[in-house]
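What follows is a set of notes on a single structure, which appears directly below.
Chain letters run A, B, ... following the sequence lines, proteins first, then strands; residues in each count from 1.
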Protein chains: 2
Amino acid sequence: MHLKLHQNILQHIKMTEEEMILFDSYWTERVLQKGEYLLRNGELSITDNYVVSGALKAFYINPTRGTEEILFFAIEDWWATDLLSFNKQKPSNYTIQALETTHIIQIHRQAFQDMLASLPQLERYFRIILESYLGSLQRRIIVQNTMAAEERYHDFIAHYPLIAQKVPQYLIASYLGISPEFISRIKNK
Amino acid sequence: MHLKLHQNILQHIKMTEEEMILFDSYWTERVLQKGEYLLRNGELSITDNYVVSGALKAFYINPTRGTEEILFFAIEDWWATDLLSFNKQKPSNYTIQALETTHIIQIHRQAFQDMLASLPQLERYFRIILESYLGSLQRRIIVQNTMAAEERYHDFIAHYPLIAQKVPQYLIASYLGISPEFISRIKNK
DNA sequence: GGGAAAAATTGATCTAGGTCAATGGATATT
DNA sequence: AATATCCATTGACCTAGATCAATTTTTCCC
């Protein structure tokens with residue numbers, strides 16, 4: 001019973017209880033300890049992952065500067081997958097790592113195909129998820145291009161209060177493309 | 001015969017000639033004159049649009065500053081649609097306008113549904129397109145967060161030489177989140 | 001082809017936010 | 001509980017890139 005994911009799906013499409021039971025059979029639970037990797041830069045992503053609880057970070061490693069650049073955070077009810085790598089079986093461009101003990105449920109590539117074949121109404125759900133994510137990326141680009149660092153920080157806190165709570169400030173700084181010191185200064189006002 | 005789109009589709013999935021003839025029946029051609037709007041901020045997007053030739057810009061209007069912030073350009077073989085608006089029938093957040101005489105082919109919402117029902121293998125094509133776009137947005141966020149203005153400009157020229165050719169510099173500046181003056185200075189080196 | 005409008009360039013000046021280094025708190029590990 | 005590591009804060013200084021204003025160049029249009 002992957003209740004949290006059921007609820008998420010039912011917000012977008014209709015599924016009967018029997019269908020949900022079939023659905024569950026394709027997925028497995030997994031627990032990641034703090035610091036454990038879900039996916040590493042250069043590997044092929046073979047699972048699609050849904051976060052039930054905890055927190056993950058996804059980051060690029062900047063080869064020249066040697067720094068980690070946060071691409072996104074994933075907390076409960078978010079997906080944490082490199083879709084390009086998962087679908088096209090190309091090496092992943094980024095790394096996904098647990099920030100704390102994290103419960104996820106995951107599905108392997110082949111099981112994912114089988115599931116969509118047996119429950120085709122899920123195509124729609126996954127397209128909706130993709131589009132929502134796409135919309136949020138577009139919004140983020142505009143925010144980055146048009147808002148000052150301080151505005152961006154406040155915007156982040158307002159939009160993602162749960163993430164702001166559990167993620168250290170220097171990672172939020174990286175996500176926002178500003179320095180950790182500057183976030184300190186913003187807060188002291 | 002929407003040849004350019006056929007070629008694009010055949011790069012990703014298989015379709016027979018008969019299927020392509022059926023495919024074509026759902027689409028209509030349209031020509032936009034320079035300055036003409038394909039979609040305006042606040043409207044519902046009722047068509048999905050594929051650019052055959054010409055160039056379009058998509059931009060947010062920054063309400064406080066009153067400026068246009070470029071979200072993307074679309075030239076030949078690109079899609080130019082507000083997907084969130086098209087699929088969820090929500091008011092669009094941005095405006096799409098022709099930068100020069102532009103030939104597009106478009107499909108209405110209902111026709112799009114009908115087409116997917118009659119040619120279900122297209123689901124895959126559109127998912128691939130969506131994912132590619134997602135990858136490019138993720139890349140753009142990293143570039144914006146980690147590269148200096150000058151690097152970003154060179155990166156843009158290297159990745160999108162065709163766009164750089166036909167789009168005025170001050171719009172590229174907006175896309176990159178830098179000032180037009182600074183691009184001038186970059187070029188004089 | 002000539003005038004107007006739009007775009008690009010250049011110079012001068014200013015500032016948001018970075019960098020570096022030192023210090024101080026928290027957290028975690030034994 | 002003590003120590004080590006990680007993270008946040010603070011101050012001093014610096015620079016990438018913005019802004020503003022004045023030309024110059026290009027493009028458009030009758």
Side-chain angles (χ1 to χ4, degrees), chain A residues 32-36 54-57 59 62 64-70 73 97-102 140-157 163-189, chain B residues 32-36 54-57 59 62 64-70 73 97-102 140-157 163-189:
Chain A
L32 298 168
Q33 295 309 317
K34 179 171 178 172
E36 200 174 338
L56 303 167
K57 63 175 174 179
F59 57 95
N62 185 322
T64 52
R65 272 159 258 221
T67 52
E68 295 182 1
E69 313 291 349
I70 298 292
F73 302 108
Q97 188 181 16
L99 290 169
E100 58 186 54
T101 304
T102 299
R140 187 166 163 202
I141 285 169
I142 296 299
V143 164
Q144 271 177 331
N145 264 353
T146 61
M147 284 163 55
E150 182 164 355
E151 287 180 276
R152 270 182 278 151
Y153 177 70
H154 292 311
D155 181 80
F156 180 85
I157 300 297
I163 295 179
Q165 259 174 39
K166 48 169 74 184
V167 171
Q169 174 176 308
Y170 75 101
L171 291 177
I172 294 173
S174 168
Y175 176 94
L176 293 173
I178 62 187
S179 70
E181 290 94 334
F182 195 67
I183 291 192
S184 265
R185 292 181 226 274
I186 290 169
K187 292 199 299 188
N188 288 20
K189 291 212 202 173
Chain B
L32 298 168
Q33 295 308 318
K34 179 173 179 169
E36 200 174 338
L56 304 167
K57 63 175 174 181
F59 57 94
N62 184 321
T64 51
R65 274 158 254 223
T67 52
E68 295 183 1
E69 313 291 349
I70 298 293
F73 302 108
Q97 188 181 18
L99 289 169
E100 58 186 56
T101 304
T102 299
R140 187 169 164 200
I141 285 169
I142 296 299
V143 164
Q144 270 176 331
N145 264 354
T146 62
M147 284 163 57
E150 183 165 354
E151 289 180 275
R152 269 181 278 152
Y153 176 71
H154 292 311
D155 182 80
F156 180 84
I157 301 297
I163 296 178
Q165 258 175 41
K166 48 170 70 185
V167 170
Q169 172 176 310
Y170 76 99
L171 291 178
I172 294 173
S174 167
Y175 175 93
L176 292 173
I178 63 187
S179 71
E181 291 93 333
F182 194 67
I183 290 191
S184 264
R185 293 182 226 271
I186 290 170
K187 291 201 297 188
N188 289 17
K189 290 211 200 174

Quiz item: Among Val167(A), Ile178(A), Ile70(A), which residue meets the side-chain contact (heavy atoms from CB on, under 4.5 Å) test with Ile172(A)?
Solution: Val167(A)
When the distance from [atom1] of [X] to [atom2] of [N] is rounded to whole Å, what number comes out?
| X | N | atom1 | atom2 | answer |
| --- | --- | --- | --- | --- |
| Glu100(B) | dT27(D) | CD | C1' | 14 Å |
| Gln144(A) | dG17(C) | CD | P | 13 Å |
| Leu99(B) | dA6(C) | CG | P | 15 Å |
| Ile183(B) | dT9(C) | CD1 | C1' | 13 Å |

Using nucleotides 24-28 of chain C, report all nitrogen or oxygen pairs with the protein that are shorter than 3.5 Å.
none

Self-check item: NZ/Lys166(A): more than 12 non-hydrogen atoms of other groups inside 6.0 Å
Solution: yes
Exercise. State which of dC7(D), dA21(D), dC20(C) makes the closest approach to the side chain of Glu181(B).
Key: dA21(D)
Enumerate the protein-to-nucleotides 22-25 of chain D contacts in which both atoms are nitrogen or oxygen and the separation is below 3.5 Å.
none

Quiz item: Side chains of Glu69(B) and Thr67(B): is there a donor and an acceptor less than 3.5 Å apart?
Solution: yes
Exercise. May I ask you to verify if any side-chain N or O of Lys187(A) is less than 4.0 angstrom from the OP1 or OP2 atom of dT9(D)?
Key: yes
Practice problem: Look at the aromatic rings of Tyr175(B) and Phe156(B) and report parallel, tilted or perpendicular, splitting at 30° and 60°. | Solution: tilted
Below 3.5 Å between N/O atoms, which protein atoms pair up with nucleotides 15-18 of chain D? Just atom names and distances, please.
{"unit_1": "dG17(D)", "atom_1": "OP1", "unit_2": "Ala149(B)", "atom_2": "N", "d": "2.8"}
{"unit_1": "dA18(D)", "atom_1": "OP1", "unit_2": "Ser179(B)", "atom_2": "N", "d": "3.3"}
{"unit_1": "dA18(D)", "atom_1": "OP2", "unit_2": "Ser179(B)", "atom_2": "N", "d": "3.3"}
{"unit_1": "dA18(D)", "atom_1": "OP2", "unit_2": "Ser179(B)", "atom_2": "OG", "d": "2.8"}

